[in-house]
Amino acid sequence: MPATASITTPIYYVNDRPHIGHVYTTTLCDAWARAMRLRGFDTFFLTGTDEHGVKVEKSAAANGVSPQAWADRNAAEFEAVLRLFQQTNDDFIRTTQPRHERQVQLLVERLRAAGALAKGSFEGWYDEGEETYLTETKAKECDYRSPVSGRPLVRAREENWYFRLSAFAPRLERLFADHPDFVRPAARRNEVLGRLREGLQDVPITRTNFSWGIPMPGDPGHVIYVWIDALLNYVTALGLGDGSQPERNRFWPADYHVVGKEILWFHAVIWPAMLMALELPLPKCVYAHSFWISEGQKMSKSLGNFIDLPALQGYVDRYGLDALRWFLVTRGPLDATDTDFRAAAFHDTYMAELVNTVGNCSSRVSAMIGKTFDGRMPEDPQGGGEWPARCAAAVRAWEGHIDRFELVQATGVAMGLLREVDGFINRTEPFKLAKDPARRGEVGSILAQCAETVRIAGVLLEPFLPVKTVDLAAAFGGVGGDWAQRSRWGALTPGRGLVKVALYPRVETAPAG
RNA sequence: GGCCUGGUAGCUCAGCGGAUAGAGCGUCCGACUCAUAAUCGGAGAGACCUCGGUUCGAAUCCGAGCCAGGCUACCA
């Protein structure tokens, strides 16, 4: 029975327009999920939409439709985006689906039964126009005025159900002490630890000022606050709330919850505490990436410089889907600092890595075999020379990087193999030797070694470049089978067809602006 | 305000106690011509933010400062 692997994106808020952030997070998860499937793991990749809350209720009203109709429309757009970018999610959960709502109520019941909930009163700064509370920090920042209308905030009080987060402080401390990799990267973990030291407050988990949400069981009039509702998606999708999908139980706990840095606290502190209360296992790692900025400027609604769907589509039209995915994964803000999305950098990366390295290397090797060996994989009496060991080491290193969610390093391993092949060709000059019929055997060895290395590098690139690596694999012998077979030296046996490929076309100039 | 990161070649970054500080890209020179005007080699290029400390030895550890960014409880 194969080992399992599971990964999640946050569920996306249907009130937002899809943009580079959503595509980035999803693409990271997709690349990892594809890598694990490639390795033969029993893999589950979950994403979805978060559809409750005041904002949805208000937007729907403003657009003259019901909240459900509004959510349906926008959720459909998020799903369309997944298909557009060829994401391979295994499920798409929506918080308005009956399967989710039913389980959230059961799980909240369980929290209450476990003594993790208490009724209390909440007092805070209330924006009457927006019908929403602002945090103390935010209120202060806005000079105690509504950031929207500018009218003064009022002190308001509400009866709510609270989650007794403070009661979990000792267990959370132990979690962070025992599992230093629970939150990554390390800089983010430090931030969480810093805040943990300041002490934990109980968190309100119900609201009474809107109705678009899941009713609190046994206390109508109270609606379960969107965050609690949303976090639970990770387990409701697997049927853990009501045992409705036993065949999916094996995918919990998740290996990675990949999230943006702004929602780390919920995932790193509130969520594990909820799971402790529910007596469910904790995810192995919450990975918080940073943000993209656009041409040196922070993306914001006021600047109108969001890298939105049309912008992304423009890159795909011009450079192809592989190019976009490659740039996002290899140049993205996977560590604790934001990174810049620049059109010029996108162009340079595409040219240097996909065209001049992946494309050209596979092209020159396949072309020489086409010419010299009639498009058949030649014999190699040298048994691969140093290459089998080098490739085996690369495969092992790649697996380690994937395990640790070091996606950039994983791509680097494959690129390193291709660069070595390019150097090897220049040193051994098979194209020169080919002119001397007496040295045909030698040429065969060289080219066979190159071809097999390129094929293996191509396999390692599949999760990141899912479109063109299909052509690469087909052109380099069409080696099938499982991971062990495909990653093994020698699978491209002599005599197999090997046709010339031209994977990534040159794109002459960087687009203006 | 509090807390957390980072400041290393023109650019993006790796190195985080030990030899002349590295990679990729860009630039310049050379080689080659199988390949997508690609590739390979070489070169140039750095007070490793500043000041002080610890040490036989500091880019690396400690302290202070400067600069940039982040987090501070409902936007990927």
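The chains referred to below are lettered A, B, ... by the order of the sequence lines, with proteins before strands, and numbering in each begins at 1. Atoms considered below: every heavy atom in the structure, side chains included; atoms not considered: hydrogens, waters and symmetry mates. In this text, all values refer to a predicted model and were calculated from it rather than measured experimentally.
The residue A:Pro430 sits apart from the nucleic acid: no heavy atom pair falls under 4.0 Å. Across all strands, A:Gly416 comes closer than 4.0 Å to no nucleic acid atom at all (heavy-atom distances).
One C1' atom belongs to B:rU60, the other to B:rG22, and the distance between them is 14 Å to the nearest Å. As rounded to the nearest Å, B:rG1 and B:rA43 have P atoms that lie 49 Å from one another. Using C1' as the reference atom, B:rA45 and B:rA9 are 6 Å apart when rounded to the nearest Å. A gap of 11 Å separates the P atoms of B:rU8 and B:rA47, to the nearest Å. Spacing of C1' atoms, B:rC49 relative to B:rG44, comes out at 24 Å, to the nearest Å.
Judged as a side-chain hydrogen bond (donor to acceptor under 3.5 Å, both in side chains), and not counting sequence neighbours, the contacts of A:Arg157 are A:Ser121, A:Glu123. Partners of A:Val499 according to the side chain to side chain contact (heavy atoms under 4.5 Å, CB included) rule, which considers only residues two or more places apart in sequence or in another chain, are A:Ala475. For A:Tyr162, there are no ring pair (Phe, Tyr, Trp, His ring centres under 6.0 Å) partners, not counting sequence neighbours. Residues satisfying the ring pair (Phe, Tyr, Trp, His ring centres under 6.0 Å) criterion with A:Phe78, sequence neighbours excluded, are A:Tyr12, A:His22. Looking at residues two or more places apart in sequence or on another chain, you find a salt bridge (charged side-chain N to carboxylate O under 4.0 Å, His left out) between A:Glu429 and A:Lys432. Partners of A:Asp380 according to the side-chain hydrogen bond (donor to acceptor under 3.5 Å, both in side chains) rule, which considers only residues two or more places apart in sequence or in another chain, are A:Ser445, A:Gln449. Among residues two or more places apart in sequence or in another chain, the ring pair (Phe, Tyr, Trp, His ring centres under 6.0 Å) test is passed with A:His52 by A:Trp212. Every residue was checked against the side-chain hydrogen bond (donor to acceptor under 3.5 Å, both in side chains) condition with A:Thr95, not counting sequence neighbours, and none meets it. Residues passing the ring pair (Phe, Tyr, Trp, His ring centres under 6.0 Å) test with A:Phe45: none are found, sequence neighbours excluded.
Base pairing analysis places B:rA31 opposite B:rU39; the two distances defining the Watson-Crick or G-U wobble pair are each below 3.5 Å. Base pairing of B:rA47 is not made with any nucleotide, judged by Watson-Crick or G-U wobble geometry with both donor-acceptor distances under 3.5 Å. B:rG22 is paired with B:rC13 under the criterion used here, namely a Watson-Crick or G-U wobble arrangement in which both key atom distances are under 3.5 Å. Pair assignment for B:rC61: B:rG53, on the basis of Watson-Crick or G-U wobble contacts that are both within less than 3.5 Å. In this entry B:rG1 has B:rU72 as its Watson-Crick or G-U wobble partner, both defining distances falling under 3.5 Å.
Here B:rC75 presents its P atom at 12 Å from NE2 of A:His267, a figure rounded to the nearest Å. A:Gln201 places its CD atom 11 Å from the C1' atom of B:rU72, with the value rounded to the nearest Å. Going from atom CG of A:Leu193 over to atom C1' of B:rC71 covers 13 Å, rounded to whole Å. Atom CD1 in A:Ile293 sits roughly 11 Å away from atom C1' in B:rA68 (whole-Å rounding). Across the protein-nucleic acid pair, A:Leu196 atom CG and B:rU72 atom P stand 14 Å apart, rounded to whole Å. As rounded to whole Å, 10 Å separates atom P of B:rG26 from atom NE2 of A:His347. Look at CD1 on A:Ile263: it is 13 Å from P on B:rC71, rounded to the nearest Å. What separates CZ of A:Arg188 from P of B:rC3 is a distance of 18 Å, to the nearest Å.
If you check the side chains of A:Glu159 and A:Thr208, you find no donor sitting under 3.5 Å from an acceptor.
Salt bridge status for A:Lys261 with A:Asp338: present, with a side-chain N to carboxylate O gap under 4.0 Å. In summary, A:Glu198 and A:Arg195 do not engage in a salt bridge, as defined by a charged side-chain N under 4.0 Å from a carboxylate O.
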Do nucleotides 59-65 of chain B as a string where each nucleotide becomes B, S or -: B if the base has a protein heavy atom under 4.0 Å, S if just the sugar-phosphate does, - if no protein is that close. -------
Footprint string (nucleotides 33-43 of chain B, 5' to 3'): B base within contact, S backbone only, - free, heavy atoms under 4.0 Å: SBBB-SBB---
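Counting heavy atoms from C-beta on, the side chains of A:Asp229 and A:Trp227 never come closer than 4.5 Å.
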With the criterion being N/O to N/O and under 3.5 Å, what pairs connect the protein with nucleotides 5-16 of chain B, and how long is each?
residue : atom : partner  : partner atom : Å
B:rU5   : OP1  : A:Asn190 : ND2          : 3.0

